[in-house]
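So the structure is just underneath, and the comments pick up after that.
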Amino acid sequence: MAKQNVAEQFVDILVRAGVRRMYGVVGDSLNPVVDAVRRNSAIDWIHVRHEETAAFAAGAEAQITGKLAACAGSCGPGNLHLINGLYDAHRSMAPVLALASHIPSSEIGLGYFQETHPDRLFSECSHYSELISSPKQMPRLLQTAIQHAVGRRGVSVVSLPGDIADEPAPEKSAETALVTSRPTVRPGDAEIDRLVEMIDRAERVTLFCGSGTAGAHPEVMELAGKIKSPVGHALRGKEWIQYDNPYDVGMSGLLGYGAAYEATHECDLLILLGTDFPYNAFLPDDVAIVQVDVRPEVLGRRSRLDLAVWGDVRETLRCLTPRVRPKDDRRFLDRMLKKHADALEGVVKAYTRKVEKHVPIHPEYVASVLDELAADDALFTVDTGMCNVWAARYISPNGRRRVIGSFSHGSMANALPMAIGAQFTDRGRQVVSMSGDGGFSMLMGDFLTLVQYDLPVKVVLFNNSSLSMVELEMLVAGLPSYGTATTNPDFAAVARACGAFGIRVEKPKQLAGSLRDAFKHPGPALVDVVTDPNALSVPPKIKAEMVKGLALSASKMVLDGGVGRMVQMARSNLRNVPRP
C-alpha cells in the first residue's frame, strides 16, 4: 500500500472533523491537495470562478450547519482573493478552515514569483493563522487550527507550501480526538444574583436581542412574559426572535423600524441578549444596561455597562427566569406595543399605494410578493445595500426560514456566493438570493457555478441601475449622487446564455407569475426585476445633521419604506393590550 503524502493526511483530518466540501480554484501549489480530495470519496472539491466566492460559500455553509466548512486558494494572488469572504465569515462567527497554499518552502523570503506571507496577511481575520514548514508539524498544527475555528467560532488559516504538501507524511501518529462542537457556558452565581436583583428593582425592562439568541426563543419569551418586557432586536437577531413574539417592538439601527428605539430609551433597565450591536448612537446612555454574551471580549465595548454577564443566552435565562419576581404592571409594554403598531401603520402606504401601476416597480412591492410566495422553510441570502433594507422589513421569519448576509462585515456581492454554499447543504431546500445589480455584477461569473453543479438557487435581482445605498449615504451627507449609476445588460438574457432559466420583469402585474415560474423550475433561475431607483429608505431616527443633508439633496425622493406582514403581527399583538 502506497504511503500517504502530507496532502492526503491533511484531507483525511478535515474529513474526520466533518468537512464534506472544499470550495476553491485549483492552482499549481494547491494541486497535491486537490488531487487528494479527488481520491477521497468522503469530500468534494467545489470549483468556483473566484476565490472570494469560495470563502463566502464556506462561511454560509458553516452558518447554516453550525459545523466546520473549508475553502482553499493557491499561492499568492489565489489565496489573497479569499480574504474578503474570510473577514465576513470571521465576523459572523462561522467556523471556517481556509487553506492558503504557498510557494516552495525553499523560496520563502527570497522574493519568489507570487510570493506573499499568508500567515501574516490573514492574522486579522482569523483566530489562528500559521505556516506549516515541516511534514511532522502538519497533523498537530491542523488539529489546533480546527479547534480554534470550532471552539472560538471563526476562521483559522493554514498556510501550506506545495512542495511540503507533496512530501511523504510522517508515520501514522495517534489520532487525537478533534473538537467539533462547543459547550454551553453558564454565568457565575454572583452575576445571576445581581441580575435578579436589578430586574426585580426595575419598573420598565426592555430586552434587545441579537444572533446570540439562536435556540433561545422559548426562554426569551418566558422571561418577557414574566416581567412584561418589550422585545426588540438587531438585524441578526430578527430571524431568531421576531416570530411568534407577542412582545415584539421591531428593530433598531440604521435599517430599523417600529418602536425598538423608543423601548430601549424609555426603559429603566435595558438587557442586551447575545448582541454585539455596533451602532452605539442608537443605544441609550442614561439607563441601566446589562449585557449577556458568550464572548467575554464583546462585553461593554459598545456601551457603558452596569453589569456584564458572561454566558450563553439560553443557559443564562434558564438560571435567571425562575428566580425573578413576576411583574403585573403592563403599562410600559402596552405603550410600546401601541407605538410599534402606530409606527408600522404609518409607513404601510409606501408599498401598497398604486403598486400595480407603478413603473419602474417599487422594490418594496417585489420584496413583499417574494415573502408571500417563498417557501415556509426558504433560506434567503441577502446582498449588502438596499436589499438589506427590503429583507429586514419584508421577509417574515417563522422559526423555519433563515436569512443570512454580510450583516457584520457589510461586503458587496455576498448573496450569490452565500447561496452556493447554502444550497450545497440541502439541494431540496428553496434557496433565494436577494441580489442587487451592483453586487450581482461584481461576482457574476459564479452564476456559472450554479449552472455547472445544477444548483437550484433562485436569484431575484433588484435591478435599479444604481448603487442605491451609496446614493442614500450621499443624500444624507448633502451631496449630489455621483459615480453610482451603472449600465446593465438584460440579466435574464445573460442567465439564459449561461444555460439557466431567466426572465425579465418590467411591470408589476408580471411579477408574481414570473416568481412562481422561477420557483417551479428545477434548476438555477434568475428573475431580473427592473425596480425604481428613487425608492430609498431612511432610518427610524434622524439626527439634525442628517436632516440638513436631506434638505440639501432636493433631487431625490426618499420614502420611509414599508414593513410587509409585520403590520399584521403588530395588529395581532395589540389584541393582547387590555382595553380600559
Side-chain angles (χ1 to χ4, degrees), residues 13-20 58-70 89-98 126-129 139-158 174-196 207 209-223 236-237 239-241 271-276 290-301 305 307-323 399 402 404 408 425:
I13 293 172
L14 287 185
V15 169
R16 283 204 299 118
V19 174
R20 295 295 173 260
E61 178 180 322
Q63 287 185 67
I64 294 160
T65 65
K67 299 177 181 178
L68 185 70
H90 194 56
R91 299 186 71 181
S92 300
M93 297 181 66
V96 171
L97 188 287
S126 66
H127 291 304
Y128 184 85
S129 181
R140 286 186 298 152
L141 192 146
L142 180 55
Q143 174 191 339
T144 302
I146 290 170
Q147 292 178 180
H148 273 78
V150 173
R152 298 184 64 185
R153 306 299 284 183
V155 171
S156 283
V157 181
V158 173
E175 290 190 355
T176 306
L178 294 168
V179 171
T180 56
S181 61
R182 300 180 75 203
T184 55
V185 179
R186 180 197 183 281
D189 290 337
E191 285 72 29
I192 294 293
D193 291 344
R194 175 68 177 138
L195 183 50
V196 169
L207 307 180
C209 303
S211 61
T213 57
H217 186 277
E219 288 78 9
V220 174
M221 295 303 106
E222 183 181 3
L223 177 61
R236 290 190 67 198
E239 63 177 333
W240 304 114
I241 217 68
I271 303 178
L272 306 174
L273 294 175
T275 179
D276 188 28
V290 174
Q291 185 178 2
V292 179
D293 208 289
V294 74
R295 299 166 295 167
E297 68 272 16
V298 309
L299 294 171
R301 73 177 180 182
L305 295 183
L307 179 64
V309 179
W310 179 11
D312 174 89
V313 170
R314 184 170 62 177
E315 291 303 312
T316 300
L317 297 189
R318 285 177 174 177
C319 296
L320 172 73
T321 303
R323 296 186 51 193
R402 291 296 311 274
I404 63 173
S408 296
T425 67

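Model, not experiment: these values are computed from the prediction.
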Start with the C-alpha gap between Leu299 and Val309, add the side-chain angles, then the distance that decides, and say whether side chain to side chain contact (heavy atoms under 4.5 Å, CB included) holds. CA-CA 8 Å; Leu299 294 171; Val309 179; over 6 Å; no
Start with the C-alpha distance between Glu219 and Glu315, add both sets of side-chain angles, then the distance that settles side chain to side chain contact (heavy atoms under 4.5 Å, CB included), and finish with yes or no. CA-CA 9 Å; Glu219 288 78 9; Glu315 291 303 312; over 6 Å; no
Can Val196 and Leu320 be said to form a side chain to side chain contact (heavy atoms under 4.5 Å, CB included), step by step? CA-CA 7 Å; Val196 169; Leu320 172 73; 3.5 Å; yes
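Val150 is not listed as a side-chain neighbour of Lys67, based on a closest heavy-atom distance of 4.5 Å or more. Taking 4.5 Å as the limit, some side-chain heavy atom of Tyr128 sits within range of a side-chain heavy atom of Leu141. The closest side-chain heavy-atom distance from Arg323 to Asp193 is below 4.5 Å. Inter-residue side-chain proximity for Ile192 and Thr316 is flagged as met; some heavy-atom pair is nearer than 4.5 Å. In this structure, the side chains of Arg314 and Val220 stay at 4.5 Å or more apart for every pair of heavy atoms. Counting heavy atoms from C-beta outward, Leu97 and Leu142 have side chains that approach closer than 4.5 Å.
Using a 4.0 Å cut-off between charged side-chain N and carboxylate O, Arg236 and Asp276 make no salt bridge. Under the 4.0 Å criterion applied to side-chain N and carboxylate O atoms, Glu191 and Arg194 are not assigned as salt-bridge partners.
Here the closest heavy-atom approach between residue His127 and residue Arg152 is recorded as NE2-O, 3.2 Å. When all heavy atoms of Ile64 and Arg402 are compared, the pair lying nearest together is CA-NH1, 3.9 Å. The two residues Val292 and Gly311 make their nearest non-hydrogen contact at CG1-O, 3.8 Å. The minimum heavy-atom distance linking Arg186 with Cys319 is given by the pair NE-SG, 3.4 Å. Ala58 and Ala69 make their closest contact through O-CB, 3.3 Å (heavy atoms, listed as atom of the first residue, atom of the second, distance). Listed here is the closest heavy atom pair of Val313 and Gly274: CG2-N, 3.6 Å.
Once rounded to the nearest 0.5 Å, the distance linking CG of Leu317 with CD1 of Ile271 reads 8.5 Å. Here Leu305 contributes atom CG and Leu307 contributes atom CG; the two are 8.0 Å apart, rounded to the nearest 0.5 Å. We find the CG-CD distance between Leu68 and Glu61 to be 9.0 Å, quoted to the nearest 0.5 Å.
Side-chain N or O atoms of His148 include none that pairs as donor or acceptor with a backbone N or O of Ser156 at under 3.5 Å. Panel note: side chain Thr213, backbone Gly210; a donor-acceptor pair is recorded below 3.5 Å. Under a 3.5 Å cut-off, the side chain of Gln291 and the backbone N or O of Gly300 do form a donor-acceptor pair. Remark: side-chain polar atoms of Arg153 are paired, donor with acceptor, to backbone N or O of Gly66 under 3.5 angstrom. Judged by distance alone, with hydrogens and angles left aside, the side-chain atoms of Trp310 form a donor-acceptor pair with the main-chain N or O of Val294 at under 3.5 Å.
The local environment of CZ in Arg140 is sparse, with at most 12 non-hydrogen atoms from other residues, nucleotides or ligands closer than 6.0 Å.
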